[in-house]
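As a basis for the values below, the full set of heavy atoms in this structure was taken, side chains included, without hydrogen atoms, waters or symmetry mates. A quick note: this is a predicted structure, and the numbers were derived from the prediction, not measured.
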Amino acid sequence: MKLLKICRGLLASFISVLFIAHSYASSMPEFSAMPVTVKTKQFEGEDLDYYEKMKEQSNSYFASQLSASPDMVDGALLHPKLQFHLEKYSRGDEVTDYGSLLSNPESANALRAGVDANWAGRTLESKPMKKITEQTVEKDGAITTIRFYYPDSYSKDSPIPIILYFHGGGWLFGSLDSHHPFYKLLANNANVVVAAASYRLAPQFSYPAAHKDAYLAYEFVVEHANKIGVYPNKIAVGGDSAGGNLAASIAVYSIQNGLKRPDFMLLYYPSVDIHRSEDFYESGDLFATGFGLDRPFADVVLAEYYPDKTLRKDVLASPILFKDKAKMPPAIISVGGFDILRDQASLYAKQLREAGVDVDYMLYPDLVHSFQQHSFAVDSARKATLETISLFGKRIRETKGVQTDH
């Protein structure tokens, strides 16, 4: 009789597990992405003339136009076009009160639209896609719009890898449109499907809102890999700056929760350490002002998206704190030599390698933060962007991947 009760208890538990699993599976929205036409605002007038000139004129010409001596750090010179650009647009400016501007819906929309147009206009263009589809996914309070970029060479009869990618912008700026040219470049040059995912921005939504949106996007892609038309065991995650944080956080989240781990990470100048002040890193002092991503803006980011300082030590917020790094996926980590996040990226790559993870650490000495958005006019930024994309296309195909039941 006792044995019978035990068996009945085990059977009830098994049925309960099946019911929960079924409920979870059925609660994930179905894949129903529809074709979209993406039109981003183009540069025109003086802005277009400025960047066309920057692209066409030689590096030596811009070196001769600098108002100050060439910047040199660790024996490396800042690219003259970048120093000219920073002198013209960034250095000497008053600190902008982004928190107040973004708290007002009207000024926030205008500011974000301007950022989107600027970043897209400064990024190298690629040939058209085979197709672009889009779907908004909502579940358990999280929401994300995923835009699928299928490369020109894509064939529905031949699945290829996929990368779920998150734009940067300090959790305050950026959108699917700000990185539209880069997504096309990544899809075509790596020959992968790019699933570009949106997430809620601060100050309207603070931590962990964006992270929850990112986890939902990842679980959706894993769940529907076959329907999307990609290899279920070639699913990468990637992102730049704040987006790199989200990508690395997904890997930690998947390991913690027993989900399929991403097969690869493509991280551009990732922000992986939120809990330690930039004073902890030498690059935080060296490039505190005048190099694009400044300390005052970084302070705004922390205040707006991570207002609760106690949460900054969460390993999902600061993936560098995750102790079981041996379980992390292989990665490409790239960063510019004049980036406030340089030493974070370097330390993260070092720790992953020491844990036995295969990491390509790619330091571009003459570049700054967000070098993707200089790939149109600056030769070194173009080379770095294309080089990392090409290597990613190779590495994701070399990885054995993690099997999934989906």
Between Leu185 and Gln372, is any pair of side-chain heavy atoms under 4.5 Å apart?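 Heavy-atom side-chain distance check fails, nothing below 4.5 Å.
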Minimum side-chain heavy-atom gap Asp273-Tyr348 below 4.5 Å: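 Contact flag for Asp273/Tyr348 side chains = no.
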Taking Asp360 as the fixed residue, which of Arg353, Lys394, Arg395 is the one that meets the salt bridge (charged side-chain N to carboxylate O under 4.0 Å, His left out) rule?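 Going through the options one by one, the only one that passes is Arg395.
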Using 30° and 60° as the class boundaries, would you call the ring planes of [X] and [Y] parallel, tilted or perpendicular?
{"X": "Phe62", "Y": "Phe84", "result": "perpendicular"}
{"X": "Phe287", "Y": "Phe338", "result": "tilted"}
{"X": "Tyr268", "Y": "Phe371", "result": "perpendicular"}
{"X": "Tyr150", "Y": "Phe148", "result": "tilted"}
{"X": "Tyr51", "Y": "His85", "result": "tilted"}

Residue pair Tyr306 / His275, side-chain donor-acceptor N/O under 3.5 Å: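 Judged by distance alone, the side chains do not pair up.
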Identify the residue among His79, Glu387, Lys383 that makes a side-chain hydrogen bond (donor to acceptor under 3.5 Å, both in side chains) with Tyr364.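 Exactly one option meets the side-chain hydrogen bond (donor to acceptor under 3.5 Å, both in side chains) with Tyr364, and it is Glu387.
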Applying side-chain contact (heavy atoms from CB on, under 4.5 Å) between Ser198 and each of Ile146, Asp177, Thr145, report the one that passes. Thr145
Residues in ring pair (Phe, Tyr, Trp, His ring centres under 6.0 Å) with Tyr98, at least two apart?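 Once residues adjacent in sequence are excluded, the partners of Tyr98 under the ring pair (Phe, Tyr, Trp, His ring centres under 6.0 Å) criterion are Phe173, Phe297.
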If you apply the rule ring pair (Phe, Tyr, Trp, His ring centres under 6.0 Å), what do you find for Tyr149 with Tyr165, and how did you get there? CA-CA 11 Å; Tyr149 291 78; Tyr165 196 95; over 10 Å; no
Note: Ala202 and Leu172 closest approach over all heavy atoms is O-CD2, 3.4 Å
